[in-house]
Protein chains: 4
Amino acid sequence: MSVNKVILVGNVGIDPEVRYLEGGTAVATVRLATSETYKNKNGERITQTEWHNIVLWRGLAEITEKYVKKGMQLYIEGRLRTRSWDDKEGNKRYTTEIVADSMKMLSRKDDNSSQQEEKKQQDIAPELDDADDLPF
Amino acid sequence: MSVNKVILVGNVGIDPEVRYLEGGTAVATVRLATSETYKNKNGERITQTEWHNIVLWRGLAEITEKYVKKGMQLYIEGRLRTRSWDDKEGNKRYTTEIVADSMKMLSRKDDNSSQQEEKKQQDIAPELDDADDLPF
Amino acid sequence: MSVNKVILVGNVGIDPEVRYLEGGTAVATVRLATSETYKNKNGERITQTEWHNIVLWRGLAEITEKYVKKGMQLYIEGRLRTRSWDDKEGNKRYTTEIVADSMKMLSRKDDNSSQQEEKKQQDIAPELDDADDLPF
Amino acid sequence: MSVNKVILVGNVGIDPEVRYLEGGTAVATVRLATSETYKNKNGERITQTEWHNIVLWRGLAEITEKYVKKGMQLYIEGRLRTRSWDDKEGNKRYTTEIVADSMKMLSRKDDNSSQQEEKKQQDIAPELDDADDLPF
DNA sequence: TTTT
DNA sequence: TTTT
């Protein structure tokens with residue numbers, strides 16, 4: 001038995017990237033910042049920002065494509081996954097990502113169509129879970 | 001405002017490494033496995049194991065040094081932190097770790113001194129939180 | 001947007017109760033204890049136990065009926081729900097429960113058939129989520 | 001070993017109540033709403049609101065007294081506690097509350113002094129944890 | 001009513 | 001490199 005759970009509330013750093021696999025499956029990646037403020041030994045206020053790579057599949061990716069923009073505040077629930085790849089020198093490299101199981105928009109960047117999109121967002125809210133049975 | 005929270009329950013892969021910084025601060029690293037089982041399209045049961053790098057500071061590191069062993073089941077609560085370093089070819093590399101804020105032992109590998117250590121573990125249980133104010 | 005999430009690891013106080021609604025839907029209730037130990041001002045070790053009412057629906061209820069026993073350690077992920085009812089004097093009363101979305105068995109009470117049940121438990125493990133779309 | 005953790009993001013229903021115990025310890029109570037939307041069998045969109053009783057001690061209570069207002073969105077991390085009391089008919093009653101370990105303000109109700117208070121809030125942000133060692 |  |  002094990003538990004692998006991540007809960008994040010943070011802000012989107014750049015507009016998400018969304019691509020579609022051969023079979024039509026959507027995959028989105030989101031850069032999400034969380035920051036933490038503390039005082040160091042000299043009493044100075046230090047803000048430390050952490051950047052997270054979020055991966056969203058299928059329905060969550062499609063929602064992301066339509067509604068998630070740079071600057072928005074998101075709630076993400078997911079799990080850690082480290083995958084390996086080979087760089088150009090042939091070295092094994094590792095990247096740790098958060099695979100989202102649930103995503104909620106806490107704010108929206110207002111744009112021209114905001115009133116209308118607000119409604120859309122509410123319409124789709126109940127579908128914001130990744131209930132597919134594939135584990136990635 | 002942001003939230004950066006990780007909750008893990010998993011098994012320790014190898015005995016932890018603990019070192020002491022110049023000032024005497026203890027730092028422990030633990031390799032923790034979580035695994036997830038699912039059926040693929042052919043109905044075969046697939047187990048996918050995820051390895052996490054846990055970093056524990058100060059009191060948590062000292063507890064780790066004394067009691068955490070390969071094979072034990074741990075509950076970890078912490079936060080994600082990605083740090084960068086330069087490899088031998090001078091390339092920037094990134095490693096994502098979970099900095100523990102709380103650690104609980106869900107099982108112990110039984111050894112000769114188990115009865116005695118059981119008691120020790122209980123004695124220290126209330127101190128198993130990293131309440132220091134440094135954010136790393 | 002809101003989040004209502006509970007994460008518990010605790011021990012089952014009595015064998016669960018399971019009943020079936022008219023339509024055949026299974027509902028299980030589990031009493032789960034969590035305890036917390038601290039030192040009071042006199043340095044005495046105090047253990048405080050908290051009892052939680054867990055409600056599990058459908059597949060989770062059926063798993064509970066088959067495998068969950070008094071004394072077992074469970075991981076529960078769910079959400080808070082307070083429901084009201086009228087007592088015999090006609091006063092409104094409130095009961096707060098945790099509606100489970102996920103349940104994992106961290107230990108089993110060993111019994112005669114343990115080897116065999118062990119296997120069963122593994123067979124059903126992947127189905128331990130409440131993926132139905134009803135919100136209760 | 002056990003875990004008793006609650007994570008909430010919701011809105012404050014009425015201005016918090018804050019009182020001071022004989023020894024000067026501050027205690028605040030906050031009514032927090034979370035809501036969940038789903039479609040019933042007829043395809044109608046149903047919103048179900050859940051009200052939570054949050055209890056905050058010491059520093060968190062003082063922050064609450066100064067800054068938390070009706071309508072604000074809060075992030076609360078805490079633990080469940082059910083306490084019993086006797087009603088006027090002498091019956092034992094139970095109330096389940098969430099004792100906060102951490103509180104973060106996700107929004108503020110704008111008032112006249114908002115600019116100035118914004119700064120205050122940031123100044124106190126690092127102290128928003130209940131690090132005292134009393135377990136309630 | 002559980003467990004360590 | 002762990003565990004079930």
Side-chain angles (χ1 to χ4, degrees), chain A residues 1-4 80 82 84 94, chain B residues 8-17 29-38 45-54 64 67-76 104-110 114-126 128, chain C residues 8-17 29-38 45-54 64 67-76 104-110 114-126 128, chain D residues 1-4 80 82 84 94:
Chain A
M1 204 298 301
S2 61
V3 175
N4 174 359
L80 287 166
T82 299
S84 66
Y94 298 91
Chain B
L8 300 175
V9 176
N11 297 287
V12 177
I14 53 169
D15 284 347
E17 286 178 25
T29 53
V30 170
R31 288 282 287 172
L32 195 78
T34 58
S35 44
E36 153 170 44
T37 306
Y38 65 98
R45 178 167 307 288
I46 308 294
T47 294
Q48 200 167 322
T49 295
E50 197 62 44
W51 286 99
H52 310 274
N53 294 309
I54 316 293
T64 298
Y67 302 109
V68 176
K69 303 287 178 228
K70 173 179 169 176
M72 280 179 59
Q73 187 181 35
L74 298 185
Y75 170 87
I76 296 284
K104 296 179 180 184
M105 293 171 249
L106 301 183
S107 77
R108 298 193 320 97
K109 275 301 169 200
D110 288 326
S114 70
Q115 201 82 15
Q116 210 171 353
E117 292 220 1
E118 181 81 38
K119 188 169 172 320
K120 271 191 215 149
Q121 182 185 351
Q122 286 171 9
D123 287 351
I124 55 178
L128 287 180
Chain C
L8 301 174
V9 176
N11 296 286
V12 177
I14 54 169
D15 283 348
E17 285 178 26
T29 54
V30 170
R31 289 283 286 170
L32 196 77
T34 57
S35 44
E36 152 169 48
T37 306
Y38 65 97
R45 177 168 306 288
I46 307 293
T47 295
Q48 200 167 322
T49 295
E50 197 62 44
W51 286 98
H52 310 272
N53 294 310
I54 316 293
T64 299
Y67 301 109
V68 175
K69 303 287 177 225
K70 172 178 170 178
M72 279 178 59
Q73 187 181 35
L74 298 186
Y75 170 87
I76 295 284
K104 296 179 180 183
M105 294 171 247
L106 302 183
S107 78
R108 296 192 321 96
K109 276 300 168 199
D110 288 326
S114 68
Q115 202 83 14
Q116 209 172 354
E117 293 221 0
E118 182 81 38
K119 187 164 174 323
K120 271 191 215 150
Q121 182 183 351
Q122 288 170 7
D123 287 351
I124 56 179
L128 286 180
Chain D
M1 203 298 300
S2 60
V3 174
N4 174 357
L80 288 165
T82 299
S84 66
Y94 298 91

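To find a chain, count down the sequence lines: A is the first, B the second, and so on, and within it residues start at 1.
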Length of the line joining [X]:[atom1] and [N]:[atom2], which is rounded to integer Å:
X	N	atom1	atom2	result
Ile54(B)	dT2(F)	CD1	P	17 Å
Asn53(C)	dT2(E)	CG	C1'	14 Å
Lys104(C)	dT4(F)	NZ	P	15 Å
Lys70(B)	dT2(F)	NZ	P	5 Å
Leu106(B)	dT3(F)	CG	P	14 Å
His52(C)	dT2(E)	NE2	P	15 Å
Glu36(B)	dT3(F)	CD	P	19 Å
Asp15(C)	dT3(E)	CG	P	11 Å

Testing dT2(E), dT3(F), dT3(E) for proximity to the side chain of Asn11(B), the answer is dT3(F)

Given dT2(F), dT3(E), dT2(E), which nucleotide is nearest the side-chain atoms of Ser35(C)? dT3(E)

Taking only residues two or more places apart in sequence or in another chain, which ones pass side chain to side chain contact (heavy atoms under 4.5 Å, CB included) with Thr82(A)? Tyr94(A), Thr96(A), Glu50(B)

Tell me if a side-chain donor or acceptor on Asp15(B) pairs with a main-chain N or O of Lys69(B) at a distance below 3.5 Å. no

Between the base of dT4(E) and the side chain of Thr47(C), is there any donor-acceptor pair under 3.5 Å? no

Under the side-chain hydrogen bond (donor to acceptor under 3.5 Å, both in side chains) test, residues paired with Asn4(A) that sit two or more places apart: none

Give Thr34(C) one of three labels, base, sugar-phosphate or nothing, depending on what nucleic acid heavy atoms sit under 4.0 Å from its own. nothing

Would you indicate what Ser2(A) reaches in the nucleic acid, counting non-hydrogen atoms under 4.0 angstrom: base, sugar-phosphate, or nothing? nothing

Side chains of Val9(C) and Leu106(C): closer than 4.5 Å at any heavy-atom pair? yes

